[in-house]
Amino acid sequence: MKLTGSTVSRGLVLLEPDESDELVMVKVAATIALARCELCGTRSRVLPCDTLPRKTGVAVIEHEISSYCRGDRSLRQVAWGQFGDPAPAHTTLHGWTERLGAHALGRPAGEIGGAPMSRLVAESAPRVRGIAEAMRSDPTPDARRYRSTPRRERLAAVMLAMTLVALIAGCPHPQAMAECRRVSLAWSNMPALEFPSRIPSTAIEHRARSLPARSRASSPRCRDRCPTRTRSPPDASNRSPS
């Protein structure tokens, strides 16, 4: 790949402190450089470490996920408690936790390219203290945050991933993920922590409730061009009663 003189504009949401030192989401138009493959001529965007493909800023995602992983607030409380515009919806936050959890578990649903989580862990273990101990831990999600075993596994994997990211980066959330991606590029020249936005087949789980009333099944269609609409009993008369 070779850098070109061309650039494109890309929408990006940053997490910045306001005059009261509160973290606020700010939408900006970023200028992204383009690179060209010298073999096939394909052009690709050269994204900075704090930007994920087809997503908002890394700091925004990390801030929302790490806040939710504390377990004291629901999806809606985390999403609705964020200042700035545009703040993500709670369904978006749910999708981020689902896909990052699948990515941390090494499931195909969580991969879109880049280094898998297992490679990031293998490369960081001999370099960063505490990685092996963190891998032996057993994060326990709040039971109110899941209603199925797969969802629990993904939430536990997200909690572990947030711990590993902070250890590798050596800084707190929400700056750890971008720094972790930068370090990973320096180690193996491969981007890390790249995951899709949501799992299409997995919706937000709700409490079990009774099924809504359904109308009766319609009668099968009759192929007769002049079907009989009603049928009288065998002993009935075709005359109205006098």
Side-chain angles (χ1 to χ4, degrees), residues 7-33 45-104 110 112-115 117 120-121 124 128 134 154-155 157-187 190-198:
T7 59
V8 294
S9 179
R10 182 189 190 278
L12 190 63
V13 180
L14 303 179
L15 196 65
E16 298 181 346
D18 62 4
E19 60 275 4
S20 302
D21 207 29
E22 291 285 348
L23 291 177
V24 178
M25 295 183 182
V26 180
K27 188 174 183 179
V28 300
T31 301
I32 305 297
R45 299 183 180 189
V46 183
L47 298 177
C49 293
D50 60 351
T51 305
L52 289 173
R54 298 179 293 279
K55 290 187 185 65
T56 183
V58 169
V60 171
I61 297 174
E62 181 180 1
H63 176 67
E64 295 292 284
I65 291 178
S66 61
S67 298
Y68 181 66
C69 283
R70 292 201 300 262
D72 57 341
R73 292 191 294 171
S74 66
L75 290 167
R76 287 180 173 84
Q77 289 173 332
V78 172
W80 294 350
Q82 179 58 51
F83 297 103
D85 187 35
H90 71 282
T91 52
T92 300
L93 175 56
H94 179 268
W96 287 341
T97 59
E98 285 288 275
R99 285 296 198 173
L100 178 56
H103 177 74
I112 59 171
M117 194 72 182
L120 179 62
V121 172
S124 62
V128 181
R154 288 190 289 269
L155 284 178
V158 168
M159 296 171 64
L160 177 59
M162 289 291 100
T163 301
L164 294 174
V165 163
L167 286 174
I168 295 171
C171 60
H173 306 300
Q175 295 84 25
M177 191 173 287
E179 176 63 16
C180 185
R181 283 170 53 79
R182 186 194 68 79
V183 170
S184 176
L185 283 170
W187 288 343
M190 285 191 67
L193 300 171
E194 292 194 354
F195 54 93
S197 295
R198 64 184 62 227

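For the numbers below, each heavy atom of this structure counts, side chains included, while hydrogens, waters and symmetry mates do not.
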Leu155 side, atom CG; Leu160 side, atom CG - distance, nearest 0.5 Å: 12.5 Å
Closest non-hydrogen atom pair, Met159 against Cys69: CG-SG, 3.9 Å
Spacing of CG belonging to Leu193 relative to CD1 belonging to Ile168, to within rounding of 0.5 Å: 7.5 Å
OG-CG distance between Ser184 and Leu120, expressed to the nearest 0.5 angstrom: 5.5 Å
side-chain contact (heavy atoms from CB on, under 4.5 Å) between Val165 and Ser66, worked out: CA-CA 11 Å; Val165 163; Ser66 61; over 6 Å; no
Spacing of Leu93 atom CG and Ile61 atom CD1 [to the nearest 0.5 Å]: 10.0 Å
Heavy-atom check, side chain of Leu164 versus side chain of Ser124, under 4.5 Å: no
Expected list for residues 15-29: side-chain donor-acceptor pairs under 3.5 angstrom, two or more places apart:
from	atom 1	to	atom 2	distance (Å)
Asp18	OD1	Ser20	N	3.0
Asp18	OD1	Asp21	N	3.0
Asp18	OD1	Glu22	N	2.7

Approximate separation, where rounding is to 0.5 Å, of Arg154 CZ and Glu98 CD: 4.0 Å
side-chain contact (heavy atoms from CB on, under 4.5 Å) partner of Val78, chosen from Arg70, His63, Glu64: Glu64
Minimum side-chain heavy-atom gap Phe195-Lys55 below 4.5 Å: yes
Nearest non-hydrogen partners of Thr97 and Tyr68, listed with the distance: CG2-CD2, 4.0 Å
Any donor-acceptor pair under 3.5 Å from His90 side chain to Arg76 backbone: no
Minimum heavy-atom distance Ala87-Ala79, with the two atoms named: CB-O, 4.4 Å
Heavy-atom side-chain proximity of Leu100 to Met162 below 4.5 angstrom: yes
Close side-chain approach of Val158 and Trp96, heavy atoms under 4.5 Å: no
Minimum side-chain heavy-atom gap Glu194-Arg181 below 4.5 Å: yes
Gly114 to Met190 - nearest heavy-atom pair and separation: C-CE, 3.5 Å
Glu62 side chain to Ala176 backbone, donor-acceptor under 3.5 Å: yes
Side chain to side chain contact (heavy atoms under 4.5 Å, CB included) against Arg10, all qualifying residues, sequence neighbours excluded: Leu12, Ile32, Arg45, Leu47, Thr51
Close side-chain approach of Leu185 to Cys49, heavy-atom, < 4.5 Å: yes
